[in-house]
Amino acid sequence: MSKLYIVPTPIGNLNDITFRAITVLKEADLILAEDTRTSGKLLKHFEIMTPMQSHHMHNEHKTVDRIIQKLKGGTTIALVSDAGTPAISDPGFLLSRACIENNIAIECLPGATAFVPALVNSGLPNDKFVFEGFLPVKKGRQTRLQLLAEETRTMIFYESPHKLVKTLGHFCEYFGEDRPVSVSRELTKLYEETVRGTAKDVLEHYTNKPPKGEIVVIVGGKNK
């Protein structure tokens, strides 16, 4: 029986990969990749020749059992997502849970995760925070926002660029226009930026300047 390695990959800047991550990816028997085309570019850059297999949100329910059998048979497997740490709003949870249920060792390497730098450079309290990931698109969105309106801890959200303005509008509506907000986009990349202000100010900014790229939104909690 072998081991599953969960390997974070850079969220933009390739220099953010760790030496250990490169070693694990080179020595593994198989790499499970969210998108083999995306991960293929990373592997080529670091001259990693390990075979890859697709493992994403649309097939992970079907492939977990076969992967477990490979691990039981002695195959060392490394799991990567397109960027950042697997299982954080990416595939990985189902496989890690199955490994635990089957007494298969798991080792998660430290590394890139988008929300950590966004939280730290937001200027908002980070001694206590709650990670919300992506809000529900339709069903349950209003209920979730109503509950979060009472949250006193700093909140972390992921959002796509074409939905950011709508989401900021909802924050104004449910949390109040004066609630502090920090939006970080394209972290570690050439055009990285962070826009801070009230929910109203940040909404006006991105209404006038439509955003591009990967986005993390940090929202201050309700004052006690």
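Computation of the quantities below employed the complete heavy-atom set of this structure, encompassing side-chain atoms and omitting hydrogens, waters and symmetry-equivalent molecules. Bear in mind the structure is a predicted one, so any value in this text is a computation, not a measurement.
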Is [Y] close to [X] at the side-chain level, that is, under 4.5 Å between some pair of heavy atoms?
{"X": "Arg144", "Y": "Glu132", "answer": "yes"}
{"X": "Asn13", "Y": "Lys189", "answer": "no"}
{"X": "Ile218", "Y": "Val216", "answer": "yes"}
{"X": "Leu187", "Y": "Ser184", "answer": "yes"}
{"X": "Asp90", "Y": "Glu34", "answer": "yes"}
{"X": "Val183", "Y": "Thr194", "answer": "no"}
{"X": "Met155", "Y": "Leu148", "answer": "yes"}
{"X": "Leu25", "Y": "Thr50", "answer": "no"}

Do [X] and [Y] sit in one hydrophobic cluster, given that two such residues count as connected whenever their side-chain heavy atoms are within less than 4.5 Å of each other, even indirectly?
{"X": "Leu14", "Y": "Met52", "result": "yes"}
{"X": "Ile156", "Y": "Val202", "result": "no"}
{"X": "Ile67", "Y": "Leu30", "result": "yes"}
{"X": "Ile100", "Y": "Ile77", "result": "yes"}
{"X": "Val181", "Y": "Leu164", "result": "yes"}

Subject >> Val217/Ile215 under side-chain contact (heavy atoms from CB on, under 4.5 Å): CA gap, chis, key distance, verdict >> reply: CA-CA 7 Å; Val217 185; Ile215 291 169; 3.9 Å; yes
Subject >> Working for side-chain contact (heavy atoms from CB on, under 4.5 Å), residues Leu203 and Val165 >> reply: CA-CA 6 Å; Leu203 171 60; Val165 169; 3.7 Å; yes
Is the backbone of [Y] close enough, under 3.5 Å, to the side chain of [X] for a donor and an acceptor to pair up by distance?
{"X": "Arg179", "Y": "Cys172", "result": "no"}
{"X": "Asp29", "Y": "Thr76", "result": "yes"}
{"X": "Asn208", "Y": "Glu204", "result": "yes"}
{"X": "Asp201", "Y": "Gly197", "result": "no"}
{"X": "Thr113", "Y": "Phe115", "result": "no"}
{"X": "Thr85", "Y": "Ile88", "result": "no"}
{"X": "Glu173", "Y": "Gly169", "result": "no"}
{"X": "Thr154", "Y": "Phe129", "result": "no"}
{"X": "Arg20", "Y": "Pro110", "result": "no"}

Subject >> Stepwise salt bridge (Lys or Arg N to Asp or Glu O under 4.0 Å) test for Arg185 and Glu193 >> reply: CA-CA 6 Å; Arg185 67 174 194 87; Glu193 74 167 6; 2.8 Å; yes
Original post:
Looking at Glu107 and Lys3, does any basic side-chain N land under 4.0 Å from a carboxylate oxygen?
Top reply: yes
Using a cut-off of 6.0 Å, state whether more than 12 heavy atoms not belonging to [X] lie near its atom [atom1].
{"X": "Glu214", "atom1": "CD", "answer": "no"}
{"X": "Asp127", "atom1": "CG", "answer": "yes"}
{"X": "Phe175", "atom1": "CZ", "answer": "yes"}

Original post:
Any chance the rings of Phe157 and Phe131 have centres within less than 6.0 Å?
Top reply: no
**OP:** Please state whether the rings of Tyr174 and His170 are parallel, tilted or perpendicular, taking 30° and 60° as the class boundaries.
**Re:** perpendicular
Original post:
How are the rings of Tyr158 and Phe134 set to each other: parallel, tilted or perpendicular (split at 30° and 60°)?
Top reply: perpendicular
Can you tell me if [X] and [Y] form a side-chain donor-acceptor pair at under 3.5 Å?
{"X": "Arg141", "Y": "Thr167", "value": "yes"}
{"X": "Ser2", "Y": "Thr75", "value": "no"}
{"X": "Lys72", "Y": "Asn102", "value": "yes"}

Donor-acceptor list for residues 39-48 side chains, cut-off 3.5 Å, not counting sequence neighbours:
none

**OP:** Tell me, with the steps shown, if Ile68 and Leu95 meet side-chain contact (heavy atoms from CB on, under 4.5 Å).
**Re:** CA-CA 8 Å; Ile68 292 297; Leu95 181 56; 4.3 Å; yes
Original post:
How far apart are the C-alpha atoms of His205 and Leu168, what are their side-chain angles, what is the distance that settles it, and do they pass the side-chain contact (heavy atoms from CB on, under 4.5 Å) test?
Top reply: CA-CA 11 Å; His205 173 85; Leu168 290 171; over 6 Å; no
